[in-house]
Amino acid sequence: MEKYNGDIINPEYVELILSEVKHSNSPYIDISETEDAYDYLTQEARPNDARILVEYALQLHPDSIELLLLSARICIDNNELKKAANILATIPSSATENPDYYISYGWLELKKKNMPKAIEYFDQACQIDEDMSYEIGLNLNQFGKHKEAKRFLIPYVKEYPNDAEALFELAYAYEKTNMINEARTTYETLVDKNPFYPTAWYNLGIIYSNESQFDKALNAYTTATTIAPEYAEPYFNMGNAYMNLAQYNKALENYIEYASLTISNAKIDSSVMQYIGECWWELGNFDLARRFYKKAISNIRSKSPNNDTLYYGYALCCIELNDNKEAIRVLTKLIGTNACVSEYYFARAQAECNSLDKTGAYCDIIDGISLSPNNVLAWHEAMRLYISIYSVKSIEYFLKEHKQYKSYPAFQFITFVVQYCFMHKYKTALKTLEQVAQNNKDVIYDAAEEDSIRHLLSDPYIEQMLQKYKIQLSESQH
């Protein structure tokens with residue numbers, strides 16, 4: 001059998017030798033073949049087989065420095081640090097001209113959490129062979145030591161600016177040490193030099209997304225999937241980008257594509273099922289939204305609400321589909337595990353209101369307000385629910401029974417809404433709004449996020465008064 005295909009060891013040859021060894025036969029394998037076989041088995045994530053082969057080869061070549069170093073490295077990877085140190089101690093002094101000797105000691109010190117000493121050994125390896133700095137940087141990145149990885153990758157990239165793998169590792173190290181500008185620039189340099197590098201495009205897309213440059217992010221993700229159509233992760237992130245752009249149909253397409261590439265019958269990705277559910281919710285198909293939320297829930301190991309957003313979305317779908325009993329059950333569980341979220345109380349109040357449980361709904365409205373007394377949108381929701389339980393005529397009483405919150409700007413603003421819309425006390429209402437505009441402009445901006453309030457604030461008289469205090473609610477200025 002041919003041992004090598006070009007410079008790459010033939011996997012069939014490795015498997016043959018390994019099989020012979022496991023069956024207690026005595027095949028011959030030389031040192032360089034063992035090193036190459038070790039690399040192959042390590043890349044295939046077969047550390048036990050790599051160890052068997054190296055230990056067998058050492059029986060054939062007991063004085064081989066290269067195999068002793070491999071054996072020590074295997075021990076280090078398995079946290080057998082004392083054994084690794086003993087092996088390194090047996091290596092003759094002639095090995096000090098071998099950079100792998102210092103790299104092995106470096107990894108040993110790294111495992112002992114002695115970074116300064118490890119760096120000393122790595123520096124010695126680079127003095128013998130400058131090109132070792134890439135291997136060191138790569139491994140430090142994989143070990144999660146990104147700051148130290150930069151120390152070795154930066155000089156290597158200066159020496160070899162067209163090395164795509166080194167550029168990627170350096171960009172990744174920059175990204176992981178929050179040097180985002182440097183990471184972006186390095187990824188951009190990489191894809192400029194090597195445009196067919198899908199992982200670099202993907203990571204660049206993540207940076208653009210985090211900077212809210214969604215058009216650039218989508219271009220980067222699309223490029224990654226054009227180069228590698230089976231590369232799943234960019235589809236998921238494209239879904240996220242389209243969600244941020246409120247393009248829910250396109251988000252849905254990409255989440256489904258991601259799911260088709262990653263989901264098997266044995267395992268369902270809960271997060272993508274949830275996001276597909278959110279897309280259907282935004283598109284107004286509450287039945288499909290609930291189905292996908294339910295799929296996501298069914299794949300969560302623990303049946304307790306450990307993903308509040310998922311369970312809350314599912315409960316809202318139940319309310320829209322008039323399954324109020326199920327909504328109340330889920331929301332009650334959510335409140336039991338997280339009793340400090342006003343939205344849960346308001347949602348349960350809606351389900352109770354639909355079920356004609358006025359007492360329960362009223363209690364939940366009061367609890368919701370008590371948790372968010374300075375949230376103007378919470379007051380708006382409380383007011384809406386209160387009117388649905390009682391009547392428009394009783395809304396004035398709604399204000400009177402919450403006088404303890406009169407110092408809160410959010411309460412003052414909702415007082416203006418009630419005075420203007422329901423009590424028709426326009427002059428009084430404008431004075432109330434003016435007081436808020438003078439002292440708490442942010443409350444008005446927050447309130448304008450609700451479409452009905454935004455419409456109210458666009459009334460010419462109100463708009464004129466707001467302009468007096470330089471409050472602009474146009475899309476370009478809000």
Side-chain angles (χ1 to χ4, degrees), residues 1-112 118 121-122 124-143 156 163 165-166 169:
M1 179 181 294
E2 188 176 354
K3 296 180 182 180
Y4 284 90
N5 181 9
D7 293 330
I8 301 171
I9 196 164
N10 191 333
E12 292 181 4
Y13 175 72
V14 176
E15 300 299 343
L16 175 63
I17 295 294
L18 191 59
S19 176
E20 290 287 300
V21 171
K22 287 182 177 179
H23 286 88
S24 301
N25 296 325
S26 302
Y28 180 80
I29 183 169
D30 68 27
I31 294 168
S32 62
E33 290 168 0
T34 305
E35 289 179 297
D36 291 340
Y38 168 84
D39 290 339
Y40 163 73
L41 291 168
T42 302
Q43 289 169 6
E44 292 291 307
R46 295 165 61 184
N48 290 334
D49 285 343
R51 184 171 202 157
I52 290 169
L53 201 58
V54 170
E55 288 179 349
Y56 172 76
L58 263 174
Q59 294 175 24
L60 300 178
H61 314 282
D63 297 324
S64 168
I65 291 172
E66 292 81 0
L67 296 183
L68 286 168
L69 289 171
L70 276 184
S71 181
R73 182 63 185 268
I74 289 169
C75 292
I76 292 168
D77 290 342
N78 285 279
N79 288 314
E80 299 169 9
L81 305 186
K82 187 174 180 179
K83 186 175 180 180
N86 290 336
I87 292 170
L88 290 172
T90 67
I91 296 176
S93 59
S94 58
T96 55
E97 297 301 316
N98 186 334
D100 287 330
Y101 174 79
Y102 295 103
I103 286 178
S104 297
Y105 268 108
W107 291 125
L108 180 61
E109 293 300 329
L110 195 62
K111 282 280 189 171
K112 292 179 179 179
Y121 281 118
F122 292 147
Q124 285 179 283
C126 292
Q127 287 173 14
I128 298 170
D129 183 353
E130 292 180 354
D131 291 353
M132 297 301 294
S133 58
Y134 168 68
E135 180 187 334
I136 294 167
L138 168 67
N139 282 278
L140 284 168
N141 258 348
Q142 293 174 346
F143 205 78
Y156 185 86
D163 188 322
E165 297 296 334
E169 291 298 330

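The chain is numbered in sequence order, starting from 1. Only this structure's heavy atoms are used, side chains among them; waters, hydrogens and symmetry mates stay out. None of these values were measured; they are calculated from a predicted model.
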Return the minimal non-hydrogen interatomic distance between [X] and [Y], and the atom names on each side.
{"X": "Ala84", "Y": "Ala72", "answer": "CB-O, 3.7 Å"}
{"X": "His61", "Y": "Asp30", "answer": "NE2-CA, 3.8 Å"}
{"X": "Ser104", "Y": "Ile76", "answer": "O-CD1, 3.4 Å"}
{"X": "Asn78", "Y": "Ile74", "answer": "ND2-O, 2.8 Å"}
{"X": "Leu53", "Y": "Ala37", "answer": "CD2-CB, 3.4 Å"}
{"X": "Ala125", "Y": "Pro99", "answer": "CB-O, 3.5 Å"}

Separation of [Y] [atom2] from [X] [atom1] (nearest 0.5 Å):
{"X": "Asp36", "Y": "Tyr13", "atom1": "CG", "atom2": "OH", "answer": "10.5 Å"}
{"X": "Leu68", "Y": "Asp100", "atom1": "CG", "atom2": "CG", "answer": "12.5 Å"}
{"X": "Glu135", "Y": "Asp129", "atom1": "CD", "atom2": "CG", "answer": "9.5 Å"}
{"X": "Asp39", "Y": "Leu70", "atom1": "CG", "atom2": "CG", "answer": "7.5 Å"}
{"X": "Leu138", "Y": "Glu169", "atom1": "CG", "atom2": "CD", "answer": "4.5 Å"}
{"X": "Lys112", "Y": "Leu108", "atom1": "NZ", "atom2": "CG", "answer": "4.5 Å"}

Could you check whether any side-chain heavy atom of [X] comes within less than 4.5 Å of a side-chain heavy atom of [Y], counting everything from C-beta outward?
{"X": "Leu140", "Y": "Trp107", "answer": "yes"}
{"X": "Leu18", "Y": "Glu15", "answer": "yes"}
{"X": "Phe122", "Y": "Met132", "answer": "no"}
{"X": "Ile17", "Y": "Glu33", "answer": "no"}
{"X": "Arg73", "Y": "Asp77", "answer": "yes"}
{"X": "Tyr101", "Y": "Ile65", "answer": "no"}
{"X": "Gln127", "Y": "Tyr102", "answer": "no"}

> Who are the side-chain hydrogen bond (donor to acceptor under 3.5 Å, both in side chains) partners of Asn98, not counting sequence neighbours?
Replying inline: none

I'd like to know if the side chain of [X] reaches the main chain of [Y], judged simply by a donor and an acceptor atom lying under 3.5 Å from each other, with no hydrogens or angles considered.
{"X": "Ser133", "Y": "Glu130", "value": "yes"}
{"X": "Tyr56", "Y": "Pro27", "value": "yes"}
{"X": "Asn10", "Y": "Glu12", "value": "yes"}

> Tyr134 and Asp163: side-chain hydrogen bond (donor to acceptor under 3.5 Å, both in side chains), yes or no, with the steps?
Replying inline: CA-CA 10 Å; Tyr134 168 68; Asp163 188 322; 5.6 Å; no

>> Could you go through Ile128 and Gln124, starting from their C-alpha distance and side-chain angles, then the distance that decides it, and tell me whether this counts as side chain to side chain contact (heavy atoms under 4.5 Å, CB included)?
In response: CA-CA 7 Å; Ile128 298 170; Gln124 285 179 283; 5.9 Å; no

>> Applying side-chain contact (heavy atoms from CB on, under 4.5 Å), can you list everything that pairs with Pro62, at least two apart in sequence or on another chain?
In response: none

>> Go through it in stages, so that I can follow the logic: the residues are Arg51 and Val54, the test is side chain to side chain contact (heavy atoms under 4.5 Å, CB included), and I'd like the CA-CA distance, side-chain angles, deciding distance and then a yes or no.
In response: CA-CA 5 Å; Arg51 184 171 202 157; Val54 170; 5.9 Å; no

>> Using a strict threshold of under 4.0 Å (side-chain N to carboxylate O), is an ion pair present between Lys22 and Asp49?
In response: yes

